[in-house]
Each structure stands twice: as structure tokens, then as C-alpha cells.
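Read through the structure below, which is laid out as C-alpha cells, and then see the notes.
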Amino acid sequence: ASSSPDTIVQDCTFTNNHAASGGALANGLTAPRFIRCKFINNEAEARGGAVSTGGTMSFSECFFQNNRTTVAISLGGAIYGERSRTTLVNCVFSGNSALGDTPDTPTNGGAIYTYGWIMDIEPWSDMQLTVINCTFTNNSAFAGGAMFNDFGMITVKNSILWNNIPESVVRLSSGFSYPTIANSDIQGGDYLAVSRGYYGTGNFNADPEFVDPINNDFRLGPGSPCID
């Protein structure tokens with residue numbers, strides 16, 4: 001489905017959907033907002049297991065679980081953004097995957113893949129992903145278990161990137177696309193988790209101590225180092 005300008009979607013569940021791109025929904029040049037929505041077990045063949053967007057979107061208190069892309073060169077197990085501006089606040093991404101249909105397929109962005117290149121336009125200004133107070137855990141891909149950034153700008157603040165495979169964030173090997181990650185809990189620390197990128201200050205490496213991750217309770221336990 002596509003969204004109209006200024007659409008607000010609240011307390012909805014998108015599950016078991018399938019499409020070539022954007023398993024649950026595809027968004028063009030519009031600016032929908034999603035609040036307290038769940039995207040579970042959606043599938044796309046190539047791009048965006050749950051969501052594919054080329055416009056402006058925001059997600060607040062949303063839950064993305066077990067979404068996937070399935071064919072060769074599949075990108076963005078949960079979200080694929082191309083020349084878009086996407087904001088995520090207080091969201092959880094768990095168990096999403098971009099793994100393709102063969103073990104050696106180069107697939108990227110287990111939870112999110114962003115692409116921003118347009119010839120003769122500054123690429124980093126064209127694709128923007130802002131992530132605030134979000135959790136990424138158990139997501140997987142060939143590269144960038146949580147996020148893969150290709151000619152865009154990623155800003156991550158006050159978030160948890162834990163147990164993503166093979167690492168949390170990767171940017172395309174080029175002169176652009178530097179992610180900035182600050183005040184976040186990154187498994188393995190900055191060097192191992194952020195490949196060929198720039199990261200900010202205040203990051204640390206410690207078990208976030210989720211209450212019950214096996215049963216999808218990713219609240220923080222009373223002793224979590226992520227609690228101020």
C-alpha cells in the first residue's frame with residue numbers, strides 16, 4: 001500500500017505480507033507517520049521486507065520483528081530507504097534479516113538499508129536516517145546486521161545495537177556516508193561495530209540486560225547500564 005500526505009497510522013499491525021519491494025507498504029513522495037505499530041513476519045523479494053520508502057516517514061514506538069528480504073542482492077530486511085528522510089524514535093528491531101537465497105549472496109542491512117546517491121547532488125544531504133532511543137538486536141545480513149548505509153547520512157543517538165550479525169553498522173567504502181553514533185550501547189565497541197565510519201562520543205560496550213529477550217521483552221532490567 002502507499003500512503004497519502006500527512007497520513008497518521010496508529011496502533012496497527014502489519015503481518016505476513018509479501019511483495020517484490022516493501023513487503024507491508026511502499027511509500028513514495030509522501031510523509032506518513034506511524035505510531036505504536038507492529039511490522040511482523042513481512043517479506044519482500046529484494047528491498048524492504050516491511051517498508052520501502054522514497055519519501056519522508058517517521059516511526060514512533062514501533063516494533064519490527066522477523067521481517068526479511070529473500071532473493072539475491074536483497075537489501076533492508078525491515079526498511080529500505082532510497083533518497084528518503086526517515087526518523088525512528090523509541091522503536092525496536094529484532095530478528096530481521098537480509099540474507100538472500102544462497103549462503104554466499106552479498107546482501108546488506110539486516111534491519112535497515114539506506115541509499116542516497118544522485119549524480120551532481122550532494123549524496124549525504126539527500127538520504128537521511130535519524131535514529132533516537134531505538135534498539136537493534138538479533139538482526140542479520142551479509143554486511144551491516146543492523147544498518148548498511150550507501151551514500152547517505154545516518155545519525156544514531158541513545159540507542160542499543162546488540163547481538164547483530166556480523167556487525168551493527170557498515171557504510172559503503174567511499175568518501176561519503178559517514179554514520180554518527182553517540183551515547184549508545186554498541187556490542188564490541190566502536191571499532192568492531194562501526195566499519196569504516198565515523199562515530200561520536202559517549203558510546204560504550206556492555207550487556208543491556210533486557211528483561212526477557214527470548215519472549216520479546218526488550219525493556220531494560222533494573223541493573224541495566226543503559227539506564228541513566
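In this text the structure is predicted, and so the values were computed from the model without any measurement.
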Fill in: Side chain to side chain, Glu45 and His18, heavy atoms closer than 4.5 Å
yes

Worksheet item: Do you know which two heavy atoms are closest between Ala44 and Gly22, and how far apart they sit?
Response: CB-N, 3.8 Å

Item to complete: Check side chain to side chain donor-acceptor pair (under 3.5 Å) between Asn183 and all other residues, then give those that pass, not counting sequence neighbours.
Response: none

Worksheet, complete the sentence: Which of Asn67, Asn66, Thr137, Thr69 passes side-chain hydrogen bond (donor to acceptor under 3.5 Å, both in side chains) with Asn96? It is Asn67

Fill in: Phe148 side chain reached by Ile112 side chain, heavy atoms, under 4.5 Å
no

Would you be so kind as to tabulate the donor-acceptor pairs closer than 3.5 Å made by side chains of residues 157-164, with sequence neighbours excluded?
residue	atom	partner	partner atom	Å
Ser159	OG	Asn133	N	3.4
Ser159	OG	Cys134	N	3.0
Ser159	OG	Cys134	O	3.4
Ser159	OG	Lys157	O	2.9
Asn163	ND2	Asn138	OD1	2.4
Asn164	OD1	Asn139	N	3.1
Asn164	OD1	Asn139	ND2	3.0
Asn164	ND2	Phe136	O	3.0
Asn164	ND2	Ser168	OG	3.4

Fill in: Worked verdict on Leu129 versus Met147 for side-chain contact (heavy atoms from CB on, under 4.5 Å)
CA-CA 10 Å; Leu129 172 67; Met147 289 174 267; 3.9 Å; yes

Worksheet item: Quick one: does Asp217's side chain have a donor or acceptor within less than 3.5 Å of a partner on Arg219's backbone?
Response: yes

Worksheet entry | Expected output: side-chain Ser74 to main-chain Val71 donor-acceptor under 3.5 Å | yes

Worksheet item: Between Val89 and Thr87, is any pair of side-chain heavy atoms under 4.5 Å apart?
Response: yes

Discussion item. Can you pull out every ring pair (Phe, Tyr, Trp, His ring centres under 6.0 Å) where at least one residue sits in residues 65-87? Sequence neighbours excluded, please.
Written reply: Tyr80-Tyr113

Practice prompt. Name all residues meeting the side chain to side chain donor-acceptor pair (under 3.5 Å) criterion together with Asp185; count only those two or more places apart in sequence or in a different chain, and write none if there are none.
Written response: none

Worksheet item: If you look at every heavy atom in Gly144 and Pro166, which pair is closest and at what distance?
Response: N-CD, 4.4 Å

Side-chain donor-acceptor pairs of residues 48-62 under 3.5 Å, sequence neighbours excluded:
residue	atom	partner	partner atom	Å
Ser52	OG	Ser21	OG	3.3
Thr53	OG1	Asn27	ND2	3.2
Thr53	OG1	Gly55	N	3.1

Worksheet item: Looking only at heavy atoms, which two atoms of Gly77 and Ala98 are closest? And how far apart?
Response: N-CB, 4.0 Å

Discussion item. Checking Asn205 against Gln187: is there a side-chain donor and acceptor pair closer than 3.5 Å?
Written reply: no

Worksheet, complete the sentence: Going by chain and number, the hydrophobic cluster around Val211 (ILVMFWY, side chain to side chain under 4.5 Å) further includes none

Worksheet item: Would you say Ile181 and Asn203 make side-chain contact, with heavy atoms under 4.5 Å?
Response: yes

Discussion item. Once salt bridge (charged side-chain N to carboxylate O under 4.0 Å, His left out) is applied, what residue pairs with a partner in residues 9-35 remain, sequence neighbours excluded?
Written reply: Asp11-Arg36

Worksheet item: What's the shortest heavy-atom distance between Ala141 and Gly110, and which atoms?
Response: CB-N, 3.4 Å

Item to complete: Could I get the full list of salt bridge (charged side-chain N to carboxylate O under 4.0 Å, His left out) partners for Asp212, not counting sequence neighbours?
Response: none

Worksheet item: What ring pair (Phe, Tyr, Trp, His ring centres under 6.0 Å) pairs are there with at least one residue in residues 205-228, not counting sequence neighbours?
Response: Phe210-Phe218

Practice prompt. Group every Ile, Leu, Val, Met, Phe, Trp and Tyr by side-chain heavy-atom contacts under 4.5 Å, then state whether Val92 and Ile186 land in the same group.
Written response: no

Worksheet item: Strictly by modelled atom types, are Asn41 and Thr15 linked by a side-chain donor-acceptor pair under 3.5 Å?
Response: no

Item to complete: Answer yes or no: is there a side-chain heavy-atom contact under 4.5 Å between Val9 and Phe14?
Response: yes

Worksheet entry | Non-neighbouring partners of Phe63 that pass ring-ring contact (aromatic ring centres under 6.0 Å, His included), sequence neighbours left out | none

Fill in: Gln128 (side chain) donor-acceptor with Arg85 (main chain) under 3.5 angstrom
no

Practice prompt. May I ask you to test the Thr114-Ile154 pair for a side-chain heavy-atom distance under 4.5 Å?
Written response: yes

Worksheet, complete the sentence: So salt bridge (charged side-chain N to carboxylate O under 4.0 Å, His left out) across residues 13-31, not counting sequence neighbours, yields none

Worksheet entry | Cys226 SG to Glu209 CD distance, which is reported to the nearest 0.5 Å | 8.5 Å

Fill in: Where at least one partner belongs to residues 65-80, residue pairs that pass salt bridge (charged side-chain N to carboxylate O under 4.0 Å, His left out), sequence neighbours excluded
Glu43-Arg68

Worksheet item: Within a strict 4.5 Å, meaning less than it, do heavy atoms of the Ile79 and Leu88 side chains meet?
Response: yes

Practice prompt. Check whether any side-chain N or O of Ser184 sits under 3.5 Å from a backbone N or O of Ala182 as a donor-acceptor pair, and report yes or no.
Written response: yes

